[in-house]
Amino acid sequence: MVVKIRLARFGRRHAPIYNIVVAQARSAQTNRPIEVIGTYNPIPVPPVDGIGKGTKHIELDTARAKYWLGTGAQPSDPVWRLLSMFGLLEPKWSLARLQSKVGKSAVKPKEPRNVEDVTKSIQGNIGVGEPGATAKNA
Amino acid sequence: MPPRPPPMATSIAKRTFSTTTTLQKGPDSARGAMFAWLSGPGAVFKQPTGEPQYITSYDRSTWERKDKARNPDAFVQPYPFNRFFKSQPVLSDAFRDEIYNRVKRQGHSVRQVSAALSVSIERVAAVVRLKQVEKEHLAKGGKLSTFLTTALNQMLPVVDLPASATGRGGGGGGAGGGGAFENIQELPIHSLAGRQVFVPTSESREFTRADAGKEFGLPPADVMVPHPDLVTLAKERFESVPLHERIARQEERDRLEKSWREAEKVRADERKRQKKVLEVGRWKWCLKEAETGKVGFRYGFPLPDRKKGHVKIPTHVS
């Protein structure tokens, strides 16, 4: 069975608040999960001075989230959005939106910035013909 | 009923509308005296001279300047009838530059600079912040509009850098005259200290400020004061601790404070790491590090928010 990272709703009517849980995919929302790794309050707290944006609070045990992602746990779409804010996942839905608007060329996969420098420094240390030297130099 | 005016015999140009009597017009009248004063001793008030010219600083009978050393109050009282209003002195530009240099270039702490120059901690911090803004503005190619500063410097007592601070002779001047700019040891009044407390003690018991603080639930005044170090220094001087010993102790205290500040910085960074605020889309997102086992709503436990005896309205503003 698939392990998912998903939200479990708590709170009362019109006042939702979620646990971020790791649970079996087929288990009910109210079941006891494998683990609770955080909370998410979707109701924004209004700013103290009344000016500006409201704040939504997310609490997350990032170490456990990383562990569960490593084991292959599948985040649900809302959790994907939250985890991408913590920098644990590539943002999915903003990219998809951008692609549909501007076209595929707008979003390119990330490449390491100094690929050439790294190759050069490696090649500087490794002599031609040694194992590890690239075919170009040989 | 006033008598009727005579019928108009002369032309309209000749008719006089003035109701001023001769008594009000002559050189001996109040008006005449005023003009005499304005062209005599009052002439000094016509144009700004570059320093405050308060009328209180002049002797009202002889119209000569009072002695500044003997009547310092007369030189800071702009309103003659309001002796409770005193002009507050301002720092000269050289003084503010020196404060900025000490904090930003020489790396002294705000507290050290405040103690060395007798300027309150808040003022030192404000001077550094505003100087920084000024320098950034100038670096961007902005211009300073100094009109207001110049005008205020002519109306308020300006305090120059004390001669002792520069290490050179001369300087001083201004209203401060080399003295302290302001009282830097003002005890902040905590609201807890406002209540009346009756504490019966025996006469033989020594009741110190520390004991008083304990009664109010506050630290003692010697610690609450902005510069507790200066209190300690004064105590040591009073106990005639030798100079080299005092210097060594102060260095030790400085070292302790520095290490404490570094530890505080580490703690603040840790807090910052654990809490991050993003601004995405319509909302701000407060991302906080949590710990599994402590975070989240527990299963099998109902929310106690409808239980009797719980305070349900918020008791504080977050």
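Letters A, B, ... are given to chains in the order of the sequence lines, protein chains preceding strands, and every chain is numbered from 1.
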### Message
Heavy-atom pairs under 4.5 Å with chain B: which of I20(A), L82(A), I37(A) has the most?
### Response
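Among the listed options, the one with the most contacts to chain B is I37(A).
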### Among the listed options T55(A), T30(A), T39(A), the residue most often paired with chain B at heavy-atom distances under 4.5 Å
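Greatest number of close heavy-atom pairs with chain B: T55(A).
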If I measure from the heavy atoms of chain B, does [X] come under 4.5 Å with its side chain, its backbone, both, or neither?
X: E59(A); answer: both
X: N41(A); answer: neither
X: R64(A); answer: side chain

Pair [X] + [Y]: basic N to acidic O under 4.0 Å:
X: D93(B); Y: K131(B); result: yes
X: R253(B); Y: E257(B); result: no
X: R255(B); Y: E252(B); result: yes

### Neighbour count above 12 (heavy atom, 6.0 Å) for R267(B) CZ
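Count over threshold, so yes.
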### Query
Do the ring planes of Y40(A) and W285(B) sit parallel (below 30°), tilted (30 to 60°) or perpendicular (above 60°)?
parallel
### Interface moiety of L287(B) toward chain A, non-hydrogen atoms closer than 4.5 Å
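Its backbone and side chain both get close to chain A.
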